[in-house]
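Take a look at the structure set out below.
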Amino acid sequence: MIVVQKYGGTSVGSIDKIKTVAKRVAQRKEKGDGVVVVVSAMGKTTDQLIGMAKELSDIPKRRELDMLMSTGEQVSISLLSIALNEIGYESISLTGFQAGIETDGYHTKGKIQDIDIEKVKKYLDEGKIVVVAGFQGMNGNGDIMTLGRGGSDTTAVALAAKLECVCEIYTDVDGIYTIDPRLFPTARKLDCISYEEMMEMASLGAGVMETRAVEIGQKFNVPIYVALSNEEWPGTYIKEFDATMESKVITGLSASDKDLMVTINHVPYNSKNISKVFGALAKKDINVDMISQTAPSHGKVNVSFTAPKTDEDIILNIMESLKNEFEDIETDIERDITKLSVVGIGMRSQSGVAAKTFEILAENDIGFKQVTTSEIRISYTIDTKDTTRAVEAIAREFNL
Ligand code: ADP
Ligand code: ASP
Ligand code: MG
């Protein structure tokens, strides 16, 4: 059997931790499995690298950022491989490119297009432990690309999809909780969660798994197991929904302060204009969410949406260029907002969840700026200062 294991930044954050990871990987190899290990950059390395670039420039070129950020993972793959060799296991480290990871899309948010898996397979056949750099690949121009923050998860699940094997994500938390335990320490751990719910929770702020990783997992039916990196302890399975899963209306709650809210005031009322605005954002691959629009007044509407804070520079550029066409528009950006979402497949069959959450927010005097719903989630944009109160009230009511 082949297994892909992924160890996150905290789990490889020091030489001692790398030794611990090497021991766990070796144990797995001893069981007779072919082992591919994906690792992230050590500790906060990626943040530090970005920090250095920002000391030189407010808006560094994204190609250069990719070149810079990808070095973090190269440090950890080589160190882990050295640690494995040292304890008597044949191992080889590979960059994303060497592992055949082909990407396309935009710099700093590349998408895996395909993986030429032959090299990885060859080394596995030779009995080697293959250590692959997470978070990176190469595009058609031969440029290094990174896959967006948290992208090592994506590397791991995509490799598992290609190798048709299971993917184990080892991290600093012992599984998936109903709410980020850092935000709400008494949250409950889930034995399993559906791809669909995990994808919503991840995209709405549950940083324990990268959204695209879960998406690839679902598409290729890769069983994903999330567990602690430094201890044997039961974790959480992410898999297709089935009847054995806990049937609660709400499975989890996510909160994210990684987005800002953009409001464009005075857009001439015409659906073609709105389409132009969002077309311009889509062209630059801006991940827009929570779209809302006011009723027309004097032939104008105000349009709001949320988007990642990391794309603020691109959004401002787009808004500036839209002024050529709509000279009256004014852009307002709110940064102190939190996107709060409740997620659950149970919502499909149970009505009244929206009414209940409105009631909870009203009782606690928490205002919201926007609300959007899908079949299995309800999201609110609230002031960041209200987050803890809102999380506690909703968790209490839904027993999370
Ligand atoms: P890694 O470096 O291993 O990739 P991350 O920091 O990306 O680790 O993800 C692990 C963190 O995700 C945990 O420390 C936890 O605070 C956070 N997290 C957010 N939401 C959840 C959740 N619903 N369940 C568990 N952990 C969560
Ligand atoms: N090192 C990258 C990051 O910090 C990728 C990852 O950790 O998954 O975002
Ligand atoms: Mg992560």
Side-chain angles (χ1 to χ4, degrees), residues 5-22 24-25 37-83 93 95-96 107-110 131-137 144-156 169-174 176-177 180-183 185 202 205-213 226-231 254-260 308-313 335 338 384 387:
Q5 298 194 324
K6 178 252 170 179
Y7 292 87
T10 321
S11 312
V12 294
S14 67
I15 294 296
D16 277 342
K17 286 185 171 177
I18 289 177
K19 284 186 187 167
T20 306
V21 168
R24 287 204 77 182
V25 171
V37 192
V38 173
V39 278
S40 296
M42 292 173 73
K44 299 257 169 257
T45 303
T46 311
D47 290 330
Q48 285 158 2
L49 292 169
I50 297 171
M52 282 196 271
K54 291 268 158 92
E55 276 181 44
L56 293 166
S57 161
D58 283 341
I59 311 176
K61 278 211 175 122
R62 289 182 180 234
R63 179 194 178 278
E64 302 310 324
L65 274 178
D66 271 352
M67 186 64 94
L68 178 68
M69 287 193 289
S70 64
T71 62
E73 272 70 12
Q74 277 197 54
V75 172
S76 27
I77 51 168
S78 46
L79 290 176
L80 180 59
S81 198
I82 291 169
S93 64
T95 64
H107 278 292
T108 75
K109 38 177 143 175
V131 184
V132 180
F135 180 53
Q136 55 173 263
I144 295 175
M145 285 190 125
T146 61
L147 307 176
R149 299 303 306 269
S152 297
D153 296 340
T154 316
T155 307
I169 305 281
Y170 290 107
T171 181
D172 59 4
V173 60
D174 61 352
I176 312 287
Y177 281 73
D180 182 351
R182 275 188 231 182
L183 191 66
V208 59
M209 278 297 295
E210 212 277 324
T211 315
R212 179 114 177 99
V226 180
L228 259 188
S229 64
N230 56 356
E231 231 180 293
S254 292
S256 168
D257 51 14
K258 295 210 162 80
D259 280 11
L260 37 78
K309 281 182 177 155
T310 45
D311 284 336
E312 183 172 343
D313 53 336
R335 296 176 188 84
T338 294
T384 301
T387 307

Using a 4.5 Å cut-off on heavy atoms from C-beta on, say whether the side chain of [Y] contacts that of [X].
{"X": "Val132", "Y": "Val37", "value": "no"}
{"X": "Leu49", "Y": "Met52", "value": "yes"}
{"X": "Lys54", "Y": "Pro60", "value": "yes"}
{"X": "Tyr7", "Y": "Val25", "value": "yes"}
{"X": "Ile169", "Y": "Asp153", "value": "yes"}
{"X": "Ser152", "Y": "Val39", "value": "no"}
{"X": "Val75", "Y": "Met42", "value": "yes"}
{"X": "Ile176", "Y": "Val208", "value": "yes"}

Of all heavy-atom pairs between [X] and [Y], which one has the smallest distance, and what is that distance?
{"X": "Ala41", "Y": "Thr45", "result": "CB-CB, 3.9 Å"}
{"X": "Val226", "Y": "Met209", "result": "CG2-SD, 4.0 Å"}
{"X": "Thr95", "Y": "Ala133", "result": "CA-CB, 4.0 Å"}
{"X": "Thr155", "Y": "Phe135", "result": "OG1-N, 2.8 Å"}

Could you give the distance from [atom1] ([X]) to [atom2] ([Y]), rounded to the nearest 0.5 Å?
{"X": "Met145", "Y": "Arg62", "atom1": "CE", "atom2": "CZ", "result": "11.0 Å"}
{"X": "Asp259", "Y": "Lys309", "atom1": "CG", "atom2": "NZ", "result": "8.0 Å"}
{"X": "Gln136", "Y": "Thr71", "atom1": "CD", "atom2": "OG1", "result": "9.0 Å"}
{"X": "Ile144", "Y": "Leu65", "atom1": "CD1", "atom2": "CG", "result": "13.0 Å"}
{"X": "Leu68", "Y": "Thr108", "atom1": "CG", "atom2": "OG1", "result": "12.0 Å"}
{"X": "Met69", "Y": "Gln48", "atom1": "CE", "atom2": "CD", "result": "14.0 Å"}

Checklist entry - Within the distance-only criterion (no hydrogens, no angle test), does the side chain of Ser57 pair as donor or acceptor with the backbone N or O of Ala53 below 3.5 angstrom? => result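 No: the side chain of Ser57 does not pair with the backbone of Ala53.
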
Checklist entry - Is a side-chain donor or acceptor of Ser70 paired with a backbone partner of Asp66 at a separation under 3.5 angstrom? => result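 Looks like yes, one N/O pair under 3.5 Å.
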
[X]/[Y] ion pair, N-O < 4.0 Å:
{"X": "Glu210", "Y": "Arg149", "value": "no"}
{"X": "Asp311", "Y": "Lys109", "value": "yes"}
{"X": "Arg182", "Y": "Asp172", "value": "yes"}

Cut-off 3.5 Å, side chains only: do [X] and [Y] have a donor facing an acceptor?
{"X": "Ser93", "Y": "Ser81", "answer": "no"}
{"X": "Arg212", "Y": "Thr154", "answer": "no"}
{"X": "Thr338", "Y": "Thr384", "answer": "yes"}

Item to check | Passing candidate, side-chain hydrogen bond (donor to acceptor under 3.5 Å, both in side chains) with Ser11, options Ser76, Ser40, Ser229 | outcome: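 The passing option is Ser229.
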
Next on the checklist: Would Ile15 and Leu79 count as a side chain to side chain contact (heavy atoms under 4.5 Å, CB included) here? Give the steps.
Outcome noted: CA-CA 8 Å; Ile15 294 296; Leu79 290 176; 4.1 Å; yes

